[in-house]
Amino acid sequence: MTLKAAYDPDNIFARILRGEIPSVKIWEDEHVLAFMDVFPQSEGHVLLISKTSTARNLLEVEADTLARLTEATRRTARAVDRALNPEGFQIMQLNGDAGGQTVFHLHVHIIPRWADRPMKGHGHAPMADTETLRGLADRIAAALD
Ligand code: 5GP
């Protein structure tokens with residue numbers, strides 16, 4: 001999808017928000033949902049989405065939505081750090097097909113990194129099992145401010 005297409009209300013994250021397909025949630029409030037990426041590029045790969053905005057990418061997002069998403073990313077990254085003790089982490093946010101984006105509801109990735117563990121390629125990671133993701137999500141949730 002190009003940068004300038006219409007929002008698809010049936011994209012995967014919209015369906016997760018409506019409870020039509022399951023997800024492993026870490027935390028949520030009225031504005032933001034943090035949940036586990038089901039094809040994790042590293043252990044503890046987290047996604048954050050707005051629950052209210054239909055922005056598909058950074059070009060479309062409202063300033064207040066972006067501010068909330070950014071603060072949610074900071075808060076969740078601190079919890080990932082406490083829970084999983086990575087040596088580093090990447091914040092990733094992709095825009096448009098050509099930018100590598102595959103789900104067209106704006107989202108931020110937190111990808112924990114360890115020097116001796118190679119990161120799996122975007123779109124090439126195997127699906128994780130729900131129990132493993134639930135365990136990681138519970139550890140991250142327990143470490144939230
Ligand atoms: P993008 O490529 O748009 O930046 O990232 C979309 C992300 O959503 C990918 O990392 C992909 O693994 C993840 N993903 C795709 N389908 C699902 C799903 O059904 N559930 C969850 N939790 N993540 C998904």
Side-chain angles (χ1 to χ4, degrees), residues 1-63 65-84 86-114 117-144:
M1 199 178 280
T2 69
L3 288 173
K4 295 180 179 65
Y7 181 81
D8 173 7
D10 289 325
N11 75 75
I12 291 168
F13 294 167
R15 298 188 65 203
I16 284 175
L17 286 173
R18 291 197 296 269
E20 293 169 5
I21 57 175
S23 65
V24 177
K25 295 181 181 182
I26 302 166
W27 68 274
E28 64 186 317
D29 61 18
E30 58 185 317
H31 302 290
V32 173
L33 170 64
F35 60 110
M36 303 306 295
D37 195 306
V38 80
F39 302 105
Q41 291 180 246
S42 75
E43 186 178 51
H45 183 164
V46 172
L47 297 170
L48 297 113
I49 59 176
S50 167
K51 292 170 73 168
T52 56
S53 175
T54 56
R56 291 169 310 124
N57 56 52
L58 191 69
L59 301 179
E60 296 177 350
V61 69
E62 307 81 4
T65 301
L66 182 60
R68 289 198 176 97
L69 210 47
T70 302
E71 170 52 18
T73 301
R74 185 203 66 86
R75 179 174 181 236
T76 309
R78 285 169 62 89
V80 168
D81 177 51
R82 289 192 199 105
L84 307 182
E87 293 166 328
F89 61 92
Q90 293 184 345
I91 301 297
M92 185 166 83
Q93 192 278 308
L94 305 177
N95 299 278
D97 272 330
Q101 186 175 9
T102 57
V103 179
F104 297 91
H105 177 115
L106 175 71
H107 52 281
V108 177
H109 301 252
I110 301 173
I111 306 177
R113 298 299 308 274
W114 292 264
R117 298 191 215 170
M119 183 173 123
K120 298 186 181 74
H122 187 64
H124 299 285
M127 186 182 271
D129 70 84
T130 304
E131 261 179 47
T132 301
L133 293 182
R134 185 71 264 158
L136 288 162
D138 288 347
R139 285 166 63 194
I140 297 168
L144 284 165

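Ligands are counted one by one from 1 in listed order, and the atoms in each one are counted from 1 as well. Both backbone and side-chain heavy atoms feed into the values below; hydrogens, waters and symmetry mates do not.
If you number the atoms of ligand 1 from 1 as listed, the ones under 4.0 Å from a heavy atom of Phe35 come out as 22 (N). Taking every heavy atom of Phe13 and a limit of under 4.0 angstrom, the matching atoms of ligand 1 come to 8 (O). When each atom of ligand 1 is checked for a heavy atom of Leu94 under 4.0 Å away, the hits are 4 (O). Here is the list of ligand 1 atoms found below 4.0 Å of a heavy atom in Gln101: 2 (O), 3 (O). In summary, the atoms of ligand 1 found under 4.0 Å from a heavy atom of Ile12, numbered by their order in the structure, are 16 (N), 18 (C), 19 (O). For ligand 1 and Gly100, the ligand atoms under 4.0 Å from any heavy atom of the residue are 2 (O).
Between Asp10 and Arg18 there is a side-chain heavy-atom pair separated by less than 4.5 Å. Using a 4.5 Å cut-off on side-chain heavy atoms (C-beta onward), Leu33 and Ile16 make contact. The shortest distance between side-chain heavy atoms of Ile91 and Thr73 falls below 4.5 Å. Within the 4.5 Å cutoff, the side chain of Leu94 has heavy atoms near those of the His122 side chain.
Remark: the backbone N or O of Lys120 is paired with a side-chain donor or acceptor of Gln41 at under 3.5 angstrom.
Neither the backbone nor the side chain of Met92 has any atom closer than 4.0 Å to an atom of ligand 1 (non-hydrogen atoms only). Neither the backbone nor the side chain of Phe104 comes within 4.0 Å of ligand 1, counting heavy atoms alone.
For atom 1 (P) of ligand 1, the nearest non-hydrogen atom of the protein is His107 NE2, 3.1 Å. Annotation: atom 20 (N) of ligand 1 to nearest protein heavy atom, Val38 CG1, 3.6 Å.
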(message) Please evaluate residues Lys51 and Glu28 with respect to the criterion salt bridge (Lys or Arg N to Asp or Glu O under 4.0 Å), reporting the C-alpha separation (whole Å), side-chain torsions for both, the decisive distance (0.1 Å), and the verdict.
(response) CA-CA 9 Å; Lys51 292 170 73 168; Glu28 64 186 317; 2.7 Å; yes
(message) Arg74 vs Glu71, test: salt bridge (Lys or Arg N to Asp or Glu O under 4.0 Å). Steps then yes/no.
(response) CA-CA 5 Å; Arg74 185 203 66 86; Glu71 170 52 18; 2.9 Å; yes
(message) Go through it in stages, so that I can follow the logic: the residues are Leu106 and Glu60, the test is side-chain contact (heavy atoms from CB on, under 4.5 Å), and I'd like the CA-CA distance, side-chain angles, deciding distance and then a yes or no.
(response) CA-CA 9 Å; Leu106 175 71; Glu60 296 177 350; over 6 Å; no
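Ligand 1 lies out of reach of Gln93, whose nearest heavy atom is not under 4.0 Å from it. Heavy atoms of His122 approach ligand 1 to within less than 4.0 angstrom.
Ligand 1 has an N or O atom lying under 3.5 Å from an N or O atom of Asp37, backbone or side chain. Checked by distance only, ligand 1 and Met36 come closer than 3.5 Å through their nitrogen or oxygen atoms. Of the N or O atoms in Thr102, one or more lie within a sub-3.5 Å distance of an N or O in ligand 1.
Taking the six-membered ring wherever Trp is involved, the centroid distance between the rings of Phe39 and His45 does not fall below 6.0 Å. His107 and His109 have their aromatic ring centers within a separation under 6.0 angstrom.
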